[in-house]
Amino acid sequence: MRNSAIEKAIELLTNDCEIDMGNYTALDLFARDASWQTGYYANKIKQVYAWEIEERFRDDLVKNLPDNSVVTIGDSHKMISQDKNIYDMIVLDNPQGCYGANGEYCEHFDSLPLSLDRLADNSVLIFNVKTKPFNYNDKTEWQKRRQEFYSLLDTQNISLEFMNKFYELMFSLRGFKISASYNIIRPQEIGLYMFVYYLTKGDFS
């Protein structure tokens, strides 16, 4: 099964932004078996580092990716906190809600800030954003984590306008300028988007 959102993202980055991704090195923190989206863009870039926590996906990961790909099985959150490499593109196809052995992680809230430290000066960042959580009233811990991350009392239905301003400020505070951005609907769930950014780092004062 192919993820049409990643196809749209690569098309926009290549055509609208005129990015030559042939020399890109990418990191995918939640690669699963690579059949959903990693395998698609892996054939359009120089090399992909694919991380996945489930050992059962290792064989399919290797099979679905180019021979020069680097597959690692482990906790992506722990690995990104220890990683020293710099990447031209980072993709966070993170689960929604709270997850992990003890529900310690939530959406991209933990992995996104850490990923910003691993981006090249001119880079692409792709991650999932949930504007309208499912079964919101039944998931109190998810509510709490969203409220803390977005500094909002009610995160049941957050507007795209708020989301875009929120991440623009986050990236600006970390020294990044947004050269291009896209909100691509992911049809699997209501309120699920793929946020795509082309970022430039430097002194913009």
Side-chain angles (χ1 to χ4, degrees), residues 1-10 21 23-120 123-130 133-135 138-142 144-146 149 184 186-189 192-197:
M1 183 181 295
R2 182 61 54 76
N3 181 347
S4 60
I6 194 65
E7 292 184 11
K8 183 65 174 179
I10 299 303
M21 305 183 75
N23 290 318
Y24 265 35
T25 296
L27 169 64
D28 195 314
L29 273 77
F30 306 95
R32 204 172 172 84
D33 64 2
S35 65
W36 187 239
Q37 66 179 22
T38 317
Y40 174 74
Y41 70 77
N43 291 295
K44 300 180 181 298
I45 62 175
K46 180 180 179 180
Q47 187 177 36
V48 62
Y49 288 74
W51 294 355
E52 167 56 43
I53 195 169
E54 296 282 356
E55 174 67 35
R56 62 192 174 98
F57 290 122
R58 181 192 294 273
D59 290 345
D60 285 335
L61 259 177
V62 173
K63 179 180 68 176
N64 292 329
L65 292 174
D67 291 342
N68 69 336
S69 303
V70 181
V71 172
T72 305
I73 302 299
D75 186 323
S76 298
H77 297 83
K78 293 178 180 178
M79 290 191 290
I80 193 67
S81 67
Q82 301 168 359
D83 193 30
K84 301 300 181 184
N85 293 322
I86 297 297
Y87 303 94
D88 304 296
M89 181 167 77
I90 294 182
V91 180
L92 308 172
D93 191 12
N94 50 273
Q96 299 307 299
C98 297
Y99 57 97
N102 300 299
E104 63 269 37
Y105 306 127
C106 188
E107 297 191 44
H108 56 271
F109 303 161
D110 307 276
S111 54
L112 179 61
L114 295 170
S115 297
L116 293 175
D117 291 332
R118 308 269 56 86
L119 285 172
S123 54
V124 169
L125 178 63
I126 300 175
F127 57 98
N128 294 329
V129 171
K130 189 71 172 172
F134 52 86
N135 298 331
D138 298 330
K139 300 179 183 295
T140 56
E141 185 59 29
W142 193 4
K144 178 183 176 182
R145 292 294 303 273
R146 284 173 63 86
F149 185 76
I184 303 174
R186 297 195 64 174
Q188 299 92 332
E189 300 171 13
L192 180 62
Y193 290 83
M194 175 181 284
F195 274 33
V196 180
Y197 290 94

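Numbering starts at 1 and runs along the sequence shown.
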Judged by atom type as modelled, is there a donor-acceptor pair below 3.5 Å linking the side chain of [X] to the main-chain atoms of [Y]?
X: Y99; Y: E104; result: no
X: H108; Y: V129; result: no
X: R32; Y: E52; result: no
X: D83; Y: M79; result: no

Test item: [X] and [Y] side chains (from C-beta on) under 4.5 Å apart, heavy atoms:
X: W36; Y: I6; value: no
X: T25; Y: Y49; value: yes
X: P133; Y: R146; value: yes
X: I86; Y: R118; value: yes
X: Q96; Y: F134; value: yes
X: N64; Y: T38; value: no
X: S123; Y: Y87; value: no
X: I53; Y: S76; value: no

For residues [X] and [Y], report the shortest heavy-atom separation together with the two atoms involved.
X: S69; Y: L65; value: OG-CB, 3.5 Å
X: I45; Y: A26; value: CD1-CB, 3.4 Å
X: N68; Y: K46; value: ND2-O, 2.8 Å
X: L114; Y: S81; value: CD1-CB, 4.2 Å
X: F30; Y: D93; value: CB-O, 3.5 Å
X: N94; Y: E107; value: ND2-C, 3.3 Å

(request) Measure up the Y105 and H77 rings against each other and bin them: parallel (under 30°), tilted (30 to 60°), perpendicular (over 60°). (result)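 Correct class here is parallel.
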
